[in-house]
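Take a look at the structure set out below.
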Amino acid sequence: MALVELVDVQRHYQQGDELVRALDGVNLQIEAGEYVAIVGASGSGTSTMMNVLGALDRPTSGTYTLDGTEVSQLGDAALSAVRNRAIGFVFQSFHLLPRLDAVGNVELPLGYAGVPRADRRVRALSALQRVGLSDRTTHTPSQLSGGQQHRVAIARALVTEPRILLADEPTGALDSDTTQQILGLLAGLNAAGMTLIVVTHDTEVAARARRVVRIKDGRIVSDGPSATAKEAR
């Protein structure tokens, strides 16, 4: 069974007098351990796809099965539980709390999950070590570079041990050197077994994935190995 499966998923919404077909009959399967980039121009449906895959939004019709659970029609509490169990989010703007240090920010999702305080600290420190920030655990976001803040955000996404890491424009606000560092980190996480889904407009970011799914006008127009994956064959 696929880790992620979308079957004839549609997401429509009303914008004034116009019906917007943000997703228009999407079928997609992603297996555990894949590294998939979802690519499309602004307005193509990529943001809607991210929200559906992240269980932040429900399809208008069709089915979405995530880690064996059909989540399309779940209520808010059940959706929240699925997100906490199965998905780690990395947002472009990081969403770090400025008053908390790095380890405090990474601990946050564990607190929401009811993990005991002592266990939270151990797991948060381990996640920061995993992203190469063992020496920055007590630094607040203002004391960290953009790349370091991004690593904290990735550590926070990893700390719940999710099945999927879902990243929205993971290098959008970074310089070229830091971009390469973050892409290298993501590739390393995938090599260690993490399932990665990256939503991006950046062809360079997409090229680092193993598989590229392209969306236009709410539909998948191509789905296949990235240029990097083809070269590795």
Side-chain angles (χ1 to χ4, degrees), residues 46-48 50-57 66 74-190 192 194-202 205:
T46 53
S47 294
T48 303
M50 185 195 72
N51 289 337
V52 169
L53 290 172
L56 299 169
D57 193 8
L66 172 61
L74 292 179
D76 290 344
L79 271 179
S80 179
V82 168
R83 286 195 299 270
N84 192 275
R85 169 177 59 84
I87 305 170
F89 293 93
V90 181
F91 296 103
Q92 183 177 356
S93 54
F94 308 151
H95 295 307
L96 301 179
L97 296 186
R99 294 184 180 181
L100 294 181
D101 58 16
V103 71
N105 270 286
V106 175
E107 285 181 346
L108 280 174
L110 298 177
Y112 298 142
V115 175
R117 182 180 297 274
D119 291 342
R120 295 202 301 262
R121 182 54 54 104
V122 170
R123 288 173 61 175
L125 290 171
S126 176
L128 285 166
Q129 182 179 29
R130 193 173 179 185
V131 300
L133 284 181
S134 294
D135 59 342
R136 294 290 188 271
T137 59
T138 60
H139 289 62
T140 62
S142 65
Q143 297 171 316
L144 299 172
S145 68
Q148 289 169 340
Q149 290 181 49
H150 206 143
R151 287 173 181 266
V152 173
I154 293 172
R156 183 182 57 193
L158 294 173
V159 77
T160 58
E161 300 176 1
R163 298 296 310 279
I164 299 166
L165 189 66
L166 181 59
D168 177 26
E169 294 290 357
T171 62
L174 304 177
D175 61 46
S176 58
D177 288 342
T178 307
T179 290
Q180 294 306 314
Q181 293 172 20
I182 295 300
L183 291 177
L185 172 60
L186 292 176
L189 291 171
N190 176 249
M194 174 63 66
T195 304
L196 294 183
I197 303 175
V198 175
V199 179
T200 184
H201 303 307
D202 191 327
V205 172

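Between F89 and G54, the closest heavy-atom pair is CZ-O, 3.1 Å. Taking each heavy atom of I87 and P162 in turn, the nearest pair found is C-CB, 3.6 Å. Across all non-hydrogen atoms, the minimal contact from L186 to L196 is O-CD1, 3.1 Å. Minimum interatomic distance between L128 and T137 (heavy atoms only, all atoms of both residues): CD1-CG2, 3.8 Å.
Residue pairs satisfying the ring-ring contact (aromatic ring centres under 6.0 Å, His included) criterion with at least one member in residues 120-148, sequence neighbours excluded, are absent. Among residue pairs with one or both ends in residues 78-93, those qualifying as salt bridge (charged side-chain N to carboxylate O under 4.0 Å, His left out) are D67-R85; sequence neighbours excluded. Every pair passing salt bridge (charged side-chain N to carboxylate O under 4.0 Å, His left out) that includes a residue from residues 99-124 is listed here, sequence neighbours excluded: E107-R121.
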Output side-chain donor-acceptor pairs under 3.5 Å for residues 144-156, partner residues at least two apart or in another chain, one line each.
{"residue": "S145", "atom": "OG", "partner": "Q148", "partner atom": "N", "Å": "3.2"}
{"residue": "S145", "atom": "OG", "partner": "Q148", "partner atom": "OE1", "Å": "3.4"}
{"residue": "Q148", "atom": "OE1", "partner": "S145", "partner atom": "N", "Å": "2.9"}
{"residue": "Q149", "atom": "NE2", "partner": "P141", "partner atom": "O", "Å": "3.3"}
{"residue": "Q149", "atom": "NE2", "partner": "L144", "partner atom": "O", "Å": "3.3"}
{"residue": "H150", "atom": "ND1", "partner": "P170", "partner atom": "O", "Å": "3.0"}
{"residue": "H150", "atom": "NE2", "partner": "P170", "partner atom": "O", "Å": "3.0"}
{"residue": "R151", "atom": "NH1", "partner": "V131", "partner atom": "O", "Å": "2.6"}
{"residue": "R156", "atom": "NH1", "partner": "H95", "partner atom": "O", "Å": "2.9"}
{"residue": "R156", "atom": "NH2", "partner": "F94", "partner atom": "O", "Å": "2.4"}

Quiz item: side chain to side chain contact (heavy atoms under 4.5 Å, CB included) between V115 and T160: does it pass, once the steps are laid out?
Solution: CA-CA 10 Å; V115 175; T160 58; over 6 Å; no
Exercise. Go through the steps to decide whether L53 and I164 satisfy the test side chain to side chain contact (heavy atoms under 4.5 Å, CB included), and finish with yes or no.
Key: CA-CA 10 Å; L53 290 172; I164 299 166; over 6 Å; no
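D76 meets the salt bridge (Lys or Arg N to Asp or Glu O under 4.0 Å) test with R58; sequence neighbours excluded. Evaluation of the ring pair (Phe, Tyr, Trp, His ring centres under 6.0 Å) rule for Y112 yields no partner, not counting sequence neighbours.
The structure places CG of L189 at 11.5 Å from OG1 of T195, a figure rounded to the nearest 0.5 Å. Rounding to the nearest 0.5 Å places CG of L74 at 11.0 Å from OG of S80. Within the model, atoms CE of M50 and OG1 of T46 stand 8.5 Å from one another, a figure rounded to the nearest 0.5 Å. A distance of 7.0 Å separates CG of D135 from CG of L133, quoted to the nearest 0.5 Å. Summarising the geometry, atom CG belonging to D57 is positioned 9.5 Å from atom CG belonging to L79; distances are rounded to the nearest 0.5 Å.
When atom types are taken as modelled, the side chain of N51 and the backbone of L56 share no donor-acceptor pair closer than 3.5 angstrom. Under the 3.5 Å distance criterion, the side-chain polar atoms of Q143 are matched with a main-chain donor or acceptor of T140.
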